[in-house]
Amino acid sequence: MDLKLLNTNQRDAVEKIGGPILVFAGAGSGKTRVLTYKIAYLINNIGLPPENILAVTFTNKAAQEMKSRVVDLVKADISGIYIGTFHSISARILRREISLLGYTNDFIIYDQQDSRTLIKNIIKNLDLDSKQFDAKSVQIRISSVKNLLHSVSHVGSNIENFNDEKFHQIYKEYQNELKLSNCVDFDDLLLLPIELFNKNPERLKWYQNKFKYVLVDEYQDTNKPQFEFIYSLSSSHKDIFVVGDDDQSIYGWRGADISNILNFQEAFGTSNVIKLEQNYRSTQNILTAAWSVVSKNINRAEKKLWTKNKKGDNLDVIEAFDERDEAKKILNKITNYKKEFNETSILYRTNSQSRAIEDELRKAGIPYQIIGGVKFYDRKEIKDIICYIRVIVNSNDSISFDRVINFPSRGIGNTSLNKIHQYSKSNLLSIFETLKHADNLQVNNKQTQGMKAFYKLITHYKKRSKEDKGSNIIRDLIKDINLQAYYDNQKTDDALSRWENIEEFISSMVEYEINNKNADLSTFLEEISLLTDIDRWNDTDESITLMTVHSAKGLEFNQVFITGLEDGLFPIVRYLEDSDIEEERRLFYVALTRSKKKIILSYAKSRRKFGSEPIITMKSRFIAEIPEELITFESNNKLENNKNYNYNVSALNNIKNNCASEIHIGENVEHKVFGKGKVINIEGIGDNSKLTIKFYNNMTKKLILKYANLKVIGENYGK
DNA sequence: GGCGTTTTCATTTGT
DNA sequence: TGAAAACGCC
């Protein structure tokens, strides 16, 4: 490990040991490097065993990367280290300790959708007006109450009106049901360890003693429970090292408390404060632009970022007619620039903006990956399987039970289901064990048989789950319930792709089992509940990445598009409050500082909402906050057409080099994303021609030759 | 109870 | 636009 590779302040941050340390790390100032060197330094130079280190990162992917970089530096086994997100570390602790709180260690982690279903049921059961108490707003309120560390009884003693009273009832019932189901929600994951430590000081002491050094990344985005968590672990020894940047605080809406970083010294006592102000990532122009923007904020810590990097290009601004035009112009730009697809990212404020861009990329055959939006594990067909697994792992999980008891149909509808629930409640049986008493439920024979069949099925797999691999079990279960036939019979593309997703899901189980020696159904469930799209993201793939600015935090690319720069969309401000606009501005700052070389800003003069009539929009105020001399405005003029023409010639050369022959009908070709296929039609000539290709997976696509980047694999391939 | 059709309503951002 | 809820018929 060569500390000479670090600048003075970075080195200072690495070598200073003892007492609280706060590092203000500006964008691109090498903070990941500091964190990895620091951990390596603790292990190698200080002699601290890895199992005494707790490091909190923002994503699981970041944790993995950090771990492998540390291994490279210390060249030793560090598998004992605790490194991960707040949520995954909390889950890990709870797996060992949760019995102290009256749950069992095979608890299930409910996602937002599960929580909402539960809340919806509770509202219904309490006979409340579902308009007045809509599940979504109640869910948001419960979450924010939890983030303030307000318990059910705390809420109960602060009731001011009818609404509060009913809310208290729902909250209370919600926590009851979670516990009965042996389930926790995302917020509980952070709250339960705190409760555990409060109630069991000797467990707290044990963990304080275990985690002799605590490191936290992205400290500006920690919320109250997260602060409590690390404070209780580290306040005894004060060996805590946090890294953050108040200018990049973008999670205020989910309870992140910027005062955690601004008041760090107050909370932990006299601390070393180190500032990393040299930016190694971006060009001078990008940094100046970003700095001019964020400097407009009032509420921020004193610092200044600088760079030795060269000036670089101006920032381009594209004006488009509407969102489709915007997408087309982006596409043009992408091909205008060097073909470093994996070094290009398209960012937007809201997930729904991805559609128009996605459509254009797909049409052009440019490979891309989308992060966020509907997550893989949230898809209906996947969630069904997950709920089967949950029921196998945990007999008490009633939300998951409800989902699969009648899927595929066993003739058990709402009426029977209600009877099951009632019987379960009045006889204090787990929802699953209630089925054992199907004969007492006063339902018709068809229903009774259905229940018994389901009971037998799950019992069988419960038993097998103790002796066989999860992937085998689920494969067999899927066969037992005839799932493939269920989808095949629908004979729609949609059903087909759903079945393909299920196959992919099983592959992901297999992969997980290969990578994890102690894999079982329960650990697999935990893994997927805490995985995000970013964690699954393949950043070495030759493809463009589309994501929200929030998802892009911590990442960097050569070329970054920031799209939808319209007032009302970015910034998305609803109520013109100063604190909101400052967070939006920080978000824009984060977006700008993702880029190393090139930034393209775009906005549309009109935009459709929900695919309805276009609404006239206005250019974002943020564009005007960038010094004019750093910006090149582009519009539809001759100059740009010329540029396109020049580019197309080189694109054609590229194709020629790649293909080594001209493409004609009947040719077999290979596409990076869609695989192998046969050209069945060609419209137009030259590199602009549109090819219709039937791929071997039965998909037929129209692609434009110059973008499709096809490999010719010969006419006789596979006949 | 099942299943197809109509209607409604939503968009910040995500662990 | 498109998914989920509500509706209505078998």
Side-chain angles (χ1 to χ4, degrees), chain A residues 56-62 84-91 109-113 115-117 120 124 130-131 134-137 140 143 146-147 184-191 218 221-223 225-226 249-256 323 347-356 358-359 371-375 377-380 405-418 443-444 446-447 450 490 494 526 528-535 547-553 564 568-575 580 583-584 586-588 590-591 607-613:
Chain A
V56 186
T57 57
F58 201 69
T59 64
N60 293 296
K61 193 185 174 69
T85 62
F86 274 105
H87 289 83
S88 68
I89 286 166
S90 300
I109 301 164
Y110 271 180
D111 64 25
Q112 208 169 285
Q113 192 191 343
S115 302
R116 186 160 319 164
T117 310
K120 211 176 279 171
K124 204 184 279 166
S130 66
K131 291 246 156 56
D134 99 289
K136 194 184 168 188
S137 9
I140 290 170
S143 180
K146 284 187 172 183
N147 281 328
V184 305
D185 68 12
F186 279 129
D187 298 318
D188 286 343
L189 234 28
L190 304 172
L191 296 176
E218 306 283 8
D221 281 325
T222 51
N223 62 20
Q226 290 166 341
S249 161
I250 54 175
Y251 283 97
W253 53 274
R254 110 183 160 191
E323 72 276 357
L347 307 180
Y348 33 77
R349 180 69 237 274
T350 65
N351 281 306
S352 58
Q353 288 165 255
S354 69
R355 171 154 294 120
E358 203 187 341
D359 285 348
I371 312 284
V374 179
K375 287 168 202 67
Y377 296 110
D378 286 345
R379 288 163 189 268
K380 186 211 166 290
I405 177 79
N406 205 32
F407 176 83
S409 170
R410 293 182 185 86
I412 300 164
N414 271 333
T415 321
S416 311
L417 189 56
N418 283 336
V443 292
N444 294 330
K446 184 184 170 194
Q447 281 66 36
Q490 295 177 24
D494 187 55
E526 176 172 319
I528 62 177
S529 348
L530 300 177
L531 268 190
T532 63
D533 271 14
I534 279 281
D535 300 324
M547 64 188 142
T548 62
V549 183
H550 282 92
S551 296
K553 186 167 92 152
L569 183 60
F570 198 175
I572 204 165
V573 185
R574 273 190 178 172
Y575 320 100
D580 287 347
E583 182 154 317
E584 291 294 309
R586 290 193 293 268
L587 197 55
F588 187 50
V590 168
R607 188 176 292 272
R608 266 169 270 261
K609 261 188 179 172
F610 316 130
S612 65
E613 286 303 290

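Sequence lines set the chain letters: A, B, ... in the order given, protein chains first and strands last, and positions in each chain run from 1.
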**OP:** For A/Glu584 and A/Phe570, indicate whether the former's side chain and the latter's backbone hold a donor-acceptor pair under 3.5 Å.
**Re:** no

Is any side-chain N or O of [X] closer than 4.0 Å to OP1 or OP2 of [N]?
X	N	value
A/Ser416	B/dG1	yes
A/Thr350	B/dT11	no
A/Asn351	B/dT12	no
A/Asn406	B/dG2	yes
A/Lys120	C/dA5	yes
A/Ser409	B/dG2	yes
A/Ser88	B/dT15	no
A/Lys124	C/dA5	no
A/Ser551	B/dG14	yes

Would you say the side chain of [Y] lies within less than 4.5 Å of the side chain of [X], judging by non-hydrogen atoms?
X	Y	result
A/Val56	A/Gln226	no
A/Arg349	A/Thr548	no
A/Thr222	A/Phe86	yes
A/Tyr348	A/Val549	no

**OP:** Kindly state whether the pair A/Phe610 / B/dT11 counts as stacked, where counting means centroids closer than 5.5 Å and planes tilted less than 30° apart.
**Re:** no

Original post:
According to the 5.5 Å centroid and 30° plane-angle thresholds, does A/Tyr251 stack upon the nucleobase of B/dG14?
Top reply: no

Subject >> Nearest to side-chain heavy atoms of A/Thr415, which nucleotide of B/dG1, B/dT15, B/dT13 >> reply: B/dG1

Subject >> Nucleotide nearest A/Ile572 (side chain, heavy atoms from C-beta), chosen from B/dG1, B/dT15, B/dT12 >> reply: B/dT12

Original post:
Between the side-chain atoms of A/Ser352 and the base atoms of B/dT11, is any donor-acceptor pair under 3.5 Å?
Top reply: yes

**OP:** Mind checking A/Gln112 for me? I need base, sugar-phosphate or nothing, with any heavy atom below 4.0 Å counting as a touch.
**Re:** base

Original post:
Separation of A/Glu323 atom CD from C/dT1 atom C1', in whole Å?
Top reply: 11 Å

